[in-house]
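Report on the structure given below.
We count ligands from 1, going down the list as the structure has it; atoms in each ligand are counted the same way.
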Amino acid sequence: MEVLLGTKNRGKIVEALDLLSGLPGIEWRTHADRSFADVAEMGASFLENALLKATTIGAETGLPVLSEDAGLEVVALGGEPGVRSARYSSEPDSGAPVDYARNNALLLQRLSGVEDRRARFVAVAALWLPDGQIFVCSGVLDGRIALSPRGDGGFGYDPLFLPCGRTRTLAEMTLDEKNAISHRRRAIGRMRAIFEDLVAAGDLSGG
Ligand code: ITT
């Protein structure tokens, strides 16, 4: 039974495939196996965007689709960059490519002189099945924003994100270390139990 990962973000794909490994009865497919069009993320929340991606890519491909919308919420910035995390440093709707270094530089600039560095990562995963069933799981990772970027692992804001109680940024951790604690781990870990139920019930076989 095939399930398509509805994302083109390389960092997310690497982490998600690792988190989903070992689930019997499911063969994971990516955009390299089954291409799909980019989905404009017009939603006002991670939930809306995750559902939009899963349902749109599902309708295009006819395959069960697992999508995810994620981002960073910074307390002192009123929850920014939030749903704009991927394109924080670009004009809205400009279609400009995602630029992690510029996003990180803008975040540091906005937090310059700010003492309250509290932040959290949020991930919302949505699974769409061809028979119309939809499942949603979310996860959060609390932490704070470092004063300067450190590390080359992970992606996005990882070089600036210090999880609570840790001294290394997410980008200074291995894939296994990040995947043991991340927002994505929490969202996709919860989704694993749903996949196990769906496989046992034969609900994925129509896909
Ligand atoms: P898809 O829509 O194709 O899944 P995307 O990169 O557009 O890929 P999102 O809309 O969910 O994905 O945006 C996620 C952005 O939030 C991403 O570009 C990063 O800047 C940030 N982000 C999310 N999870 C992250 C993580 O684990 N580590 C660092 N940054 C993360």
Side-chain angles (χ1 to χ4, degrees), residues 4-19 30-32 34-57 60 65-74 79-90 92-108 119-128 138-146 149-163 166 168-189:
L4 181 62
L5 291 186
T7 177
K8 295 183 183 173
N9 179 316
R10 207 177 61 83
K12 278 189 188 181
I13 292 171
V14 169
E15 291 177 16
L17 287 177
D18 183 67
L19 291 167
T30 71
H31 66 100
R34 177 66 172 85
S35 65
F36 48 81
D38 290 333
V39 179
E41 295 177 22
M42 320 199 350
S45 65
F46 297 120
L47 174 62
E48 280 182 42
N49 281 334
L51 288 171
L52 193 62
K53 288 188 257 195
T55 53
T56 309
I57 297 166
E60 180 183 344
V65 173
L66 178 63
S67 283
E68 183 221 64
D69 202 56
L72 181 69
E73 294 181 338
V74 179
E80 271 189 25
V83 288
R84 296 212 49 239
S85 290
R87 292 179 176 76
Y88 190 36
S89 57
S90 315
D93 306 323
S94 64
V98 176
D99 186 331
Y100 293 145
R102 271 185 46 168
N103 288 342
N104 284 344
L106 178 62
L107 180 62
L108 281 182
R120 66 178 196 168
F121 271 125
V122 180
V124 177
L127 171 67
W128 176 89
S138 61
V140 165
L141 176 64
D142 287 305
R144 60 193 196 281
I145 303 301
R150 297 201 313 259
D152 335 296
F155 68 99
Y157 299 94
D158 282 345
L160 285 179
F161 193 86
L162 286 159
R166 309 285 171 137
R168 285 176 302 146
T169 68
L170 285 178
E172 292 178 300
M173 296 182 182
T174 62
L175 173 66
D176 282 352
E177 286 173 314
K178 179 179 175 187
N179 267 356
I181 59 171
S182 75
H183 49 307
R184 184 157 297 108
R185 157 59 180 262
R186 290 175 183 162
I188 291 185

Provide the closest heavy-atom pair for Leu72 versus Ala119 in the form atom of the first, atom of the second, distance.
CD1-CB, 4.2 Å
Donor-acceptor pair, distance only, cut-off 3.5 Å: does the side chain of Thr56 make one with the backbone of Lys53?
no
In order of chain and number, which residues sit within 4.0 Å of ligand 1 by heavy atom?
Thr7, Lys8, Asn9, Lys12, Glu41, Lys53, Glu68, Asp69, Ala70, Gly71, Ser85, Ala86, Tyr100, Phe121, Phe155, Gly156, Tyr157, Asp158, Lys178, His183, Arg184
Taking salt bridge (charged side-chain N to carboxylate O under 4.0 Å, His left out) as the definition, give me every residue that meets it alongside Glu15, ordered by chain and number, with sequence neighbours left out.
Lys178, Arg184
Is a donor on one side and an acceptor on the other found under 3.5 Å between the side chain of Asn104 and the backbone of Ala101?
no
Report the residues that fulfil salt bridge (charged side-chain N to carboxylate O under 4.0 Å, His left out) with Arg150, sequence neighbours left out, ordered by chain and then residue number.
Glu172
Please enumerate all residues that pass salt bridge (charged side-chain N to carboxylate O under 4.0 Å, His left out) together with Glu177, with sequence neighbours excluded.
Arg168
